[in-house]
Amino acid sequence: MSTADDAPKSNFLRQIIDADLESGRHSQVVTRFPPEPNGYLHIGHAKSICLNFGLARDFGGVCHLRMDDTNPETEEAEYIAGIERDVRWLGFEWGDKLFHASDFFEEMYAFAEHLVRAGEAYVDHLDADAISDYRGTLREAGRPSPYRERSVDENLDLLRRMRAGEFADGTCVLRAKGDLASPNMKMRDPLLYRIRKASHPRTGDTWCIYPMYDYAHPLEDALEGVTHSICTLEFENNREIYDWVLEHTPAPARPRQYEFARLNITYTVLSKRKLLQLVGEGHVAGWDDPRMPTLAGMRRRGYTPEAIRTFCEAVGVTKTNSRVDMERLEGCLRDDLNHRAPRLMAVLDPIEIELVNRPEGEVTPLEAASFPDDVGKPGSRTVPLGRRVFIERSDFSEAPPKGWRRLSPGGAVRLRYGPIVRCEAVVKDADGVITGLRCVVDDDARANGTLHWVPAEAAVRAEVRLYDRLFSVEKPDQDPAGRDPLTFLNPTSLVVVKDARLEPAAALVTPATHVQFERNGYYVTDCVDSRADALVFNRAVTLRDSWARKVETTDEEAAAPVAKKADTRPQKKTRAQVREEARARDAELAARLTRYRDVLGLDESDADVLTGDRATGDLFEAALAAYADVPSVTRWVVNEVLAAAKDAPVDSLPLTGEALGALARMVDENVLSNSAAKEVFAELVERGGDPAEITKRRGLRQVSDADAIETIIAEVLAAHPDEVARYREGNQGLLGFFMGQVMRRSGGKANPGLTRRLLQKALAG
RNA sequence: UGGGGCGUGGGCUAGCGGUAAGCCACGGGAUUUUGGUUCCCGCUGACGUAGGUUCGAAUCCUACCGCCCCAGCCA
C-alpha cells in the first residue's frame with residue numbers, strides 16, 4: 001500500500017505491453033503522438049499525449065511526436081508550431097524524435113508501386129460519387145469498378161503519370177484491391193492515393209499525389225519503428241486495413257494498433273469540428289479563448305500542466321465510452337494551485353466601510369502571509385489599513401439567513417489579517433441602495449466570520465474576467481432533440497468586472513504567476529491583454545464554496561429530466577443465427593440437432609450449440625464414445641471446450657474426444673476434483689495427451705481423506721485468525737475465502753464437497 | 001440492415017474462478033483569522049437481464065437487452 005500511491009494505474013494497454021515485453025515480441029517500447037496539424041490541441045489530445053509519452057517513460061521506451069501531414073489542403077505551419085509548443089508546455093520532450101508523415105512520402109510511393117506490381121492495387125478513374133455508389137451499403141456488397149482489372153503495366157504507367165502531375169485533381173485515385181463484399185466497409189477497395197495539386201507546408205510542390213490516412217499511418221509507424229500504435233475507438237474498423245497494408249508491403253516492422261476511448265467532459269465539446277465552429281463563427285475570441293478546452297485556452301485561463309497531467313492520469317484508459325465530470329478537472333486545478341498560488345485580496349463588487357473610530361489619515365501596515373499555515377510556505381506582503389476599506393457587497397446582508405457568517409447590522413466580523421469590526425449603521429441613497437457602512441473597530445466583539453477586504457485609498461484597479469463553463473448543459477453534443485450544441489452556449493460564460501479593487505501588492509504580480517484571491521478563486525494575469533499599468537486577471541476556477549451549495553440546493557434539480565430516446569437499433573446477426581444457417585446448409589448438422597435433442601435428451605440450447613459446426617459435434621461424439629455419460633460430456637464440451645477455443649474452431653485444439661471423455665469419467669468417479677480436472681484440461685488444450693498420465697505425473701489425484709483435509713483446514717485457520725473471528729461474528733461470506741485457501745493449499749486436489757462440510761464444522765467450533 | 005466494439009454505486013475506474021476495491025461527488029463531524037485546505041466517519045451493499053457450469057461466478061458458457069462506431073478523394 002505504501003508505494004502503490006505513485007504507481008501508475010493498471011490499464012489494458014499496460015497489460016498488453018507487459019505481455020509483449022515478457023514474450024520477447026518487443027524489447028523496447030516505441031509509441032507516438034500523431035496529431036494532424038489542422039487545428040489546436042485540446043484536453044482530449046492531452047489524454048493521448050500523457051498516455052503515449054507516459055507509457056514510453058514508464059517502460060523505458062521512447063515516444064515520437066509526429067505531424068500527420070498528409071492533407072495539404074487543411075494543414076498549416078501555424079498549427080505545427082502551436083502543437084509543438086503545447087506538447088512541450090504539457091511537460092513532454094521528444095528529443096530528436098520529431099517526425100512528419102511527409103518525411104516518408106518517397107518510401108510510401110515506392111510501396112505503392114510495389115502493390116501495383118503485385119496486383120494488389122489499381123488506378124481507378126471513377127469519380128467520387130461513383131466510387132461511393134459502387135461501394136455498396138451496409139447490407140449490400142459493393143460492385144467492382146470497371147477499371148479494377150487493368151493490367152499491371154497500365155496501372156504502373158497511370159500511377160507514374162499521376163505522380164508526374166498529368167491528371168487534374170479528382171480524375172483518378174489509387175485503390176487497394178480489397179474485398180468488395182467485406183462486411184467491413186473500410187475494406188471495400190480502400191483509397192490509397194488521391195491527387196491534390198496543393199502546396200504542402202513542408203514538401204511545397206514536390207508532390208501532387210498524397211497518401212490517405214489508412215495507407216500512410218501504418219507505414220509511418222513501421223518506418224519509425226513504432227511498436228504500439230495507440231489511437232481512439234473510432235478507428236477500430238480501420239485496424240483491418242492497417243494490418244493489410246503492413247502485410248502487403250515490404251514494411252520494415254510490424255507495429256500493432258490498439259484503440260482506447262476518447263475523452264469526453266461535461267459542459268464542453270471536444271471535437272475538432274465543433275471547436276473550429278466556435279472559433280470560426282466568433283462564439284469565442286479565438287483558439288486561445290480561456291473558455292475553450294484547447295491547451296492554449298486552458299493555459300491562458302490559468303490551468304497548469306501539472307493539473308492537466310494529474311487529471312489525465314486520474315480518468316484512466318479504457319474502451320468504454322464515458323464522460324468525465326468537469327468538476328473533476330476543476331478539482332485537479334484547485335489541488336495544484338492551493339499549494340502554489342500566493343494569496344491576495346480582491347473586491348469585485350465593493351461597498352465602502354468607514355471605520356468611524358479610526359483617526360483620519362492614520363495608516364496601519366498589516367503583515368499578511370502569502371500562504372496559510374497548512375500550506376506551509378514562506379512569504380508575506382503588507383496591507384495598509386486606513387479609515388476606509390472596501391468589502392464585497394455579497395458579504396453584507398441586512399436580513400441575514402440562518403447560518404450567516406458575514407456582516408450584518410449590529411454584527412461583527414474580522415477583517416482578514418486585521419481587526420474585528422462591528423457594523424453600526426447602513427448608509428443608503430434615495431433609492432434605498434446601500435452605498436456604505438459605518439463600523440467601529442472593536443477587538444472585543446465576537447467575530448461572526450472573516451472577510452477579505454481592500455484598503456479604499458490604496459486600492460489598485462484592475463479588470464477581472466470571470467470565466468465559467470462554456471455550455472449550460474452537461475452534454476451539449478448529445479441533445480435528445482438533436483439540437484445544435486450552440487443552442488446551449490452559456491450566456492454568462494464570461495462576465496467582465498471592469499474596475500475591481502485589489503490590495504496594493506497585486507500591482508507587483510509578475511505575468512503568468514497564479515494567485516488566489518482569498519475566499520474567491522484562482523486567477524492569473526491575462527497573457528495577452530494585461531499590462532503593468534492596466535492589469536487584467538482571468539479567473540481560472542472558483543474556490544469550492546460549500547455555503548453557495550447549501551443555499552442553492554433548490555434549482556438545478558428542477559430542470560426537467562429529458563426523456564430517454566427510445567432509439568431501438570436493429571440487432572446484428574447472432575451466433576444462434578450463424579449456427580442455424582450452418583444447419584440449413586449441412587444436413588448432417590441438422591440431423592445431429594434432432595438426434596442430440598430427441599435421442600440423447602439434451603436441452604434445446606445445448607443441442608444447438610453443439611451443432612453449429614462439424615468439429616464441435618465430432619469432438620462431442622468422440623468423447624461420448626469414450627465415456628457414455630451424456631450430461632457430463634455435454635457440460636465439458638459446452639462450458640469448457642467452447643471457452644478454451646474462444647472463437648477458433650474446436651478442431652484447432654490438440655484435445656481429442658477420447659481424452660475429454662476419459663477426463664469426464666475421472667471426475668465422475670471421484671479420481672479428480674473439478675478444479676484439478678481443470679488443470680488437466682488446460683494441459684490437454686495446450687498440448688494434448690492422456691488425462692490419466694497427466695494426473696499421475698502432476699500428482700493431481702483427488703484427496704478425499706478427511707484427516708488430510710482437516711490438517712490443511714487447521715493450518716488455514718491458524719494462519720488467518722482475523723478472518724476466523726470475523727466469520728464467527730457473522731461474516732459468512734468469508735467461507736469462500738477459506739475454501740479458496742484450502743483448495744489452494746491442497747493444490748486443487750481436495751474434494752470440494754467434503755472440504756466444505758469439514759470447513760463449516762471447523763469454523764463453527 | 002452487414003460488421004466492429006462497450007455495459008461494475010450518482011460520475012470515472014480496479015478486478016482476470018476464492019472477503020467487490022479506489023478516486024470524485026454526496027452526507028455528517030473535527031481543526032481553521034479563506035464557508036478554502038487538511039483529517040476522520042458514513043455512502044448496509046454497484047457487477048445490464050435471464051438461464052447454465054462450479055463447492056464457489058463481476059470473472060467461464062448460452063440467450064436476450066441497451067449504448068457507441070463504420071457506407072469522405074478527412075484524420
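In what follows, every chain begins at residue 1, and chains take the letters A, B, ... in the order their sequences are listed. Treat the numbers as computed from the prediction; the structure is a model and nothing was measured.
You'll find that the side chain of A/Arg328 is closest to B/rC24, out of B/rC6, B/rC24, B/rU62. Closest to the A/Ile131 side chain, of the nucleotides B/rC73, B/rG35, B/rG2, is B/rC73.
In a base pair of the Watson-Crick type (N1 to N3 plus N6-O4 or O6-N4) or a G-U wobble (N1-O2 and O6-N3), with each distance short of 3.5 Å, B/rC67 is matched with B/rG5. Of the nucleotides present, none pairs with B/rU33 by Watson-Crick or G-U wobble criteria with both distances under 3.5 Å.
Using a 4.0 Å heavy-atom criterion, one finds that A/Trp453 contacts no nucleic acid atom at all. At the heavy-atom level, A/Asn520 lies nowhere under 4.0 Å from the strands shown. Counting non-hydrogen atoms under 4.0 angstrom, A/Lys678 reaches a base of the nucleic acid. Here A/Arg416 lies in heavy-atom contact (under 4.0 Å) with a base. Residue contacts for A/Tyr210: at a heavy-atom cut-off of 4.0 Å it reaches no nucleic acid atom on any strand shown. Within 4.0 Å (heavy atoms only), A/Lys186 reaches at least one base atom of the nucleic acid. Across all strands, A/Glu518 comes closer than 4.0 Å to base atoms (heavy-atom distances). Contact annotation for A/Gly331: no contact, since no heavy-atom pair falls under 4.0 Å across all strands.
Nearest heavy-atom pair across A/Gly136 and A/Met185 is O-CE, 3.8 Å.
For the P atom pair drawn from B/rU53 and B/rU62, the interatomic distance equals 15 Å after rounding to whole Å. Comparing the same atom, P, in B/rG17 and in B/rC60 gives a spacing of 8 Å after rounding to whole Å. The gap from the P atom of B/rU44 to that of B/rU32 amounts to 32 Å, rounded to the nearest Å. Across the C1' atoms, B/rC26 and B/rC12 are found 15 Å apart, a figure rounded to whole Å. B/rG18 and B/rU59 have their C1' atoms separated by 11 Å, given to the nearest Å. For the C1' atoms, the distance from B/rU33 to B/rG27 is 27 Å, rounded to whole Å. Annotation: B/rC24 and B/rG9 have their C1' atoms spaced 13 Å apart (nearest Å). Taking atom P on both B/rG66 and B/rC41, the two are 43 Å apart, rounded to the nearest angstrom.
No hydrogens or angles considered: a donor-acceptor pair under 3.5 Å links the side chains of A/His217 and A/Asp68.
Taking side-chain N and O atoms only, A/Ser10 has a distance below 4.0 Å to OP1 or OP2 of B/rG15. In this model, the phosphate group of B/rG15 is approached by a side-chain N or O of A/Gln15 to a distance below 4.0 Å at OP1 or OP2. Between A/Arg544 and B/rU37, a side-chain N or O to OP1/OP2 separation shorter than 4.0 Å is present. Residue A/Arg635 has no polar side-chain atom (N or O) positioned under 4.0 Å from OP1 or OP2 of B/rC60. Contact annotation: A/Thr266 does not reach the phosphate of B/rG11 (side-chain N/O to OP1 or OP2, under 4.0 Å).
Ring geometry, A/Phe738 versus A/His720: the interplanar angle exceeds 60°, so the pair is classed perpendicular (tilted spans 30 to 60°).
Distance check: A/Tyr147 OH to A/Cys172 SG gives 10.0 Å after rounding to the nearest 0.5 Å.
Taking the ring centroids of A/Tyr213 and A/Phe235, they lie under the 6.0 Å cut-off.
The base of B/rG36 sits with one of its N or O atoms less than 3.5 Å from a complementary donor or acceptor on the side chain of A/Asp374.
Per the stacking criterion (ring centres < 5.5 Å, plane angle < 30°), A/Trp547 stacks onto the base of B/rG35.
For the side chain to side chain donor-acceptor pair (under 3.5 Å) with A/Asn38, the lone residue among A/Glu73, A/Lys272, A/Glu76 that qualifies is A/Lys272.
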